[in-house]
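Excluded from the calculations below are hydrogen atoms, water molecules and symmetry mates; all remaining heavy atoms, backbone and side chain alike, are included. The chains referred to below are lettered A, B, ... by the order of the sequence lines, with proteins before strands, and numbering in each begins at 1.
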Amino acid sequence: MSSLALYDTLTRTTSPFVPLKKGEVGIYLCGATVQAPPHIGHVRSGVNFDILRRWLTKSGYNVTFIRNVTDIDDKILHKAVHEEMPWWAVAMKYERAFTDAYDALNVLPPTYEPRATGHVTQMIELMQTLIEKGAAYAPGNGDVYLEVRKLSSYLTLSRQKLDDLQPAADADETYKKDPRDFALWKAAKPGDPSWPTPWGPGRPGWHLECSAMAHSYLGEAFDIHGGGLDLIFPHHENEIAQSEAAGYAFAKRWLHNAWVTASGEKMSKSLGNSLQVHELLKTVRGIELRWYLGSAHYRSMLEFSHEALAESATAFKRIEGFLIRSVEILGVQPTPTISQTFTDAMNDDLAVPTALASISEALRTGNTAITAGDKPVIASAANEIRGALEVLGCDPFDPAFAGAGASEDLNSALDGVIQLALAQRTAARERKDFAASDQIRDGLAALGITIEDTAQGPRWSITGNGSK
RNA sequence: GGUCGGAUGGCCGAGAGGCGAGGCAAGGGACUGCAAAUCCCUCUACACGGGUUCAAAUCCCGUUCCGACCUCCA
């Protein structure tokens, strides 16, 4: 038996995962700033950490998974002006877009999904603690800053030196003790939303909210903090700074997912528009997009191309096709089981690509067994494959992906109609009237129904793309 | 300037001292009335130059190129 080992950005090594509390895992994942529709880079993070969560759950842990929503920030306020909507309506609109995207990709809803605006009280408490401890200061302009020079462990995650940092171009140094001090809280500007605080009305700084929410739901110390690679600095450094200065042990381990790249570069805003989740879902199903996003190792860059996505979908359909045929032959859905090779791969810092190789092997075994009519082998291969797909969130029998399906009555009626046509075709084939036989097959194909002749007789499936 | 990644076959994508990961595409074959599906075979790659070693895609040194972060970022 292997046991789970995970990489830790803090130590830059892979080490055995030991939870703070036996059988329990607390995870905090930095979620979206809801100011635009999600592109695949955003949901890759969601998918990667969903796979981690599912594997931990499968391994027997009780997982508390917190993923926040940043529903107030500069960009949202700008967008509100641009879209001529209240800022809160903008935030809600895009929060829904993210939720829809997560749902389409079968990303499990977090245990709790806190919004920044709902945790101002906790943020004020945290700032009070920080000021009392002398780590933060309110210079009187309504801002509250964290004094980074006082922190010995600042920048340990990104391994930088404070003096090497380029000072922010837009830093207002009038009130800061050091240009690198960052804002915990921002004073209200005219027309902007604000919340009252002991230091004047204002709104949350980005970093503060995550520290406050992680503390609220996971306590002073928790197991895993996740996010995209680009959050290491400044966001996660600043979260550590705030939380440790407040006296919390904070995250024990840091996991960061790599980007989706296009032409070698991190997805930019302009590219992001064409790679929005809802656009891509016009070309592939959610389960196929998820398969694609999950198939690379979470710490590797994933070079996006429409061709690669299409190929990935083809590969997935082959696996799915085997499972469907296995149900037709065995009459029951496979019972998910986890093989040792899959376990070993996943326990090795979620080596999904290696795990996928074990699926390919089982697939070949299973398909060969179908040809041979070897039901026990078909069953064991199908069980193993379904077990793996379940962990990867790509189980075709998962009700999450069955949503748009027709009712049982309708399916039953449709099957009856097609069987009538197939009986005609079989009769035509028996009298060697292949013209008539092919006419029926072509006719069904035009309706998006594919006919395949197998050793067990003809089978049909809806593959779409029928001519209109 | 500082910090951190990367370069693997037609394409995607693992591996991290010794047994050709895997997938997709392509070609050939089996099966089939044809097709589809499936199976089998073929396609022996690790940016470059040195070095260490019995053995290097993997370790070391150097070089080139690409990318990320440095207070908006998944």
Side-chain angles (χ1 to χ4, degrees), chain A residues 9 12 29-33 35 38-49 70 73-75 78 148 155 158-171 179-183 205-207 226-235 237-238 256-261 263-269 272 292 295-297 299-305 307-316 318-319 321-322 325 345 351-361 363-364 366-368 370-372 429 432-434 437-438 441-442 445 450-455 458-459 461 463:
Chain A
T9 306
R12 309 285 162 97
L29 173 63
C30 284
T33 298
Q35 48 95 15
H39 63 233
I40 51 170
H42 295 120
V43 291
R44 181 186 186 192
S45 179
V47 167
N48 284 159
F49 283 95
T70 298
D73 92 321
D74 287 337
K75 283 194 173 178
H78 290 150
V148 296
L155 304 179
S158 59
R159 303 196 169 183
Q160 298 181 94
K161 291 191 176 73
L162 193 58
D163 293 322
D164 292 337
L165 294 185
Q166 292 178 352
D170 62 342
R180 282 152 294 221
D181 288 352
F182 62 89
W206 176 37
H207 315 300
L229 209 52
D230 44 0
L231 296 183
I232 292 175
F233 185 87
H235 187 52
E237 290 287 9
N238 291 355
H256 291 95
N257 66 277
W259 298 287
V260 176
T261 57
S263 305
E265 292 181 29
K266 181 183 175 185
M267 287 198 17
S268 65
K269 209 60 204 286
Y292 173 67
S295 62
H297 187 93
R299 287 194 284 120
S300 295
M301 301 292 171
L302 176 62
E303 171 66 17
F304 178 85
S305 73
E307 294 74 21
L309 175 59
E311 283 173 8
S312 181
T314 303
F316 180 76
R318 186 163 168 260
I319 298 167
F322 164 69
R325 286 193 302 277
V352 173
T354 308
L356 259 35
S358 77
I359 293 178
S360 294
E361 202 171 312
L363 179 64
R364 205 174 310 113
N367 275 325
T368 303
I370 284 181
T371 308
R429 290 180 73 205
K432 307 279 185 203
D433 184 356
F434 296 120
S437 155
D438 289 347
R441 186 170 64 194
D442 293 345
T450 299
I451 302 304
E452 293 167 15
D453 293 315
T454 73
R459 67 183 289 267
S461 55
T463 48

Atom [atom1], compared across [N] and [M]: separation rounded to whole Å:
| N | M | atom1 | answer |
| --- | --- | --- | --- |
| B:C72 | B:C60 | C1' | 40 Å |
| B:G67 | B:A35 | P | 48 Å |
| B:G50 | B:A56 | C1' | 13 Å |
| B:C40 | B:C31 | P | 16 Å |
| B:C65 | B:U52 | P | 28 Å |
| B:A25 | B:A68 | P | 32 Å |
| B:C46 | B:G15 | C1' | 11 Å |
| B:U38 | B:C4 | P | 47 Å |

Tell me if the side-chain of A:D163 makes a donor-acceptor pair with the base of B:G2, cut-off 3.5 Å, by modelled atom types.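 A donor-acceptor contact between them is absent.
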For [X] versus [Y], what's the shortest heavy-atom pair and its separation?
| X | Y | answer |
| --- | --- | --- |
| A:A345 | A:A355 | CB-N, 3.6 Å |
| A:D181 | A:V148 | OD1-N, 3.0 Å |
| A:R429 | A:F434 | O-CE2, 4.1 Å |

Just the rounded figure in Å: distance from [atom2] of [N] to [atom1] of [X].
| X | N | atom1 | atom2 | answer |
| --- | --- | --- | --- | --- |
| A:N238 | B:U71 | CG | P | 11 Å |
| A:Q160 | B:G2 | CD | P | 12 Å |
| A:L229 | B:C69 | CG | P | 9 Å |
| A:K266 | B:A74 | NZ | P | 8 Å |
| A:I319 | B:G22 | CD1 | P | 14 Å |
| A:W259 | B:C66 | CH2 | P | 17 Å |

In the strands shown, is [N] matched to any nucleotide by a Watson-Crick or G-U wobble pair with both distances under 3.5 Å, and which?
| N | answer |
| --- | --- |
| B:U58 | none |
| B:C4 | B:G67 |
| B:A26 | B:U42 |
| B:U53 | none |

Given [options], identify the nucleotide with an atom nearest to the side chain of [X].
| X | options | value |
| --- | --- | --- |
| A:F233 | B:C69, B:A25, B:G33 | B:C69 |
| A:T314 | B:C24, B:A74, B:G22 | B:C24 |
| A:D230 | B:A74, B:A25, B:A21 | B:A74 |
| A:P234 | B:U71, B:C69, B:A74 | B:U71 |
| A:L231 | B:U71, B:A74, B:C70 | B:A74 |

Once base and sugar-phosphate atoms are separated, protein heavy atoms under 4.0 Å mark nucleotides 6-20 of chain B, 5' to 3', with B, S and - as -----B-SS------
Protein within reach of the bases, or only the backbone? For nucleotides 35-40 of chain B, mark each nucleotide 5' to 3' as B, S or -, using heavy atoms under 4.0 Å. BBSSSS
Can any side-chain N or O of [X] pair as donor or acceptor with the backbone N or O of [Y] at less than 3.5 Å?
| X | Y | answer |
| --- | --- | --- |
| A:Q160 | A:L155 | no |
| A:T371 | A:N367 | yes |
| A:R44 | A:A258 | yes |
| A:S295 | A:Y292 | yes |
| A:S45 | A:G41 | no |
| A:R180 | A:L162 | yes |
| A:T368 | A:R364 | yes |

A:K161 side-chain N/O to B:C70 phosphate OP1/OP2 under 4.0 Å: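 Indeed not, no polar side-chain atom of A:K161 lies that close.
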Considering every strand and a 4.0 Å limit on heavy-atom distances, what is the contact class for [X]: base, sugar-phosphate, or nothing?
| X | result |
| --- | --- |
| A:G227 | sugar-phosphate |
| A:V43 | nothing |
| A:G321 | nothing |

Residue closer to the 5' end of RNA chain B, A:G41 versus A:T261 (nearest nucleotide):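 Of the two residues, A:T261 wins.
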Within a radius of less than 6.0 Å around CD of A:E303, do more than 12 heavy atoms belonging to other residues, nucleotides or ligands occur?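 Yes, because the 6.0 Å sphere around CD of A:E303 holds more than 12 heavy atoms from other groups.
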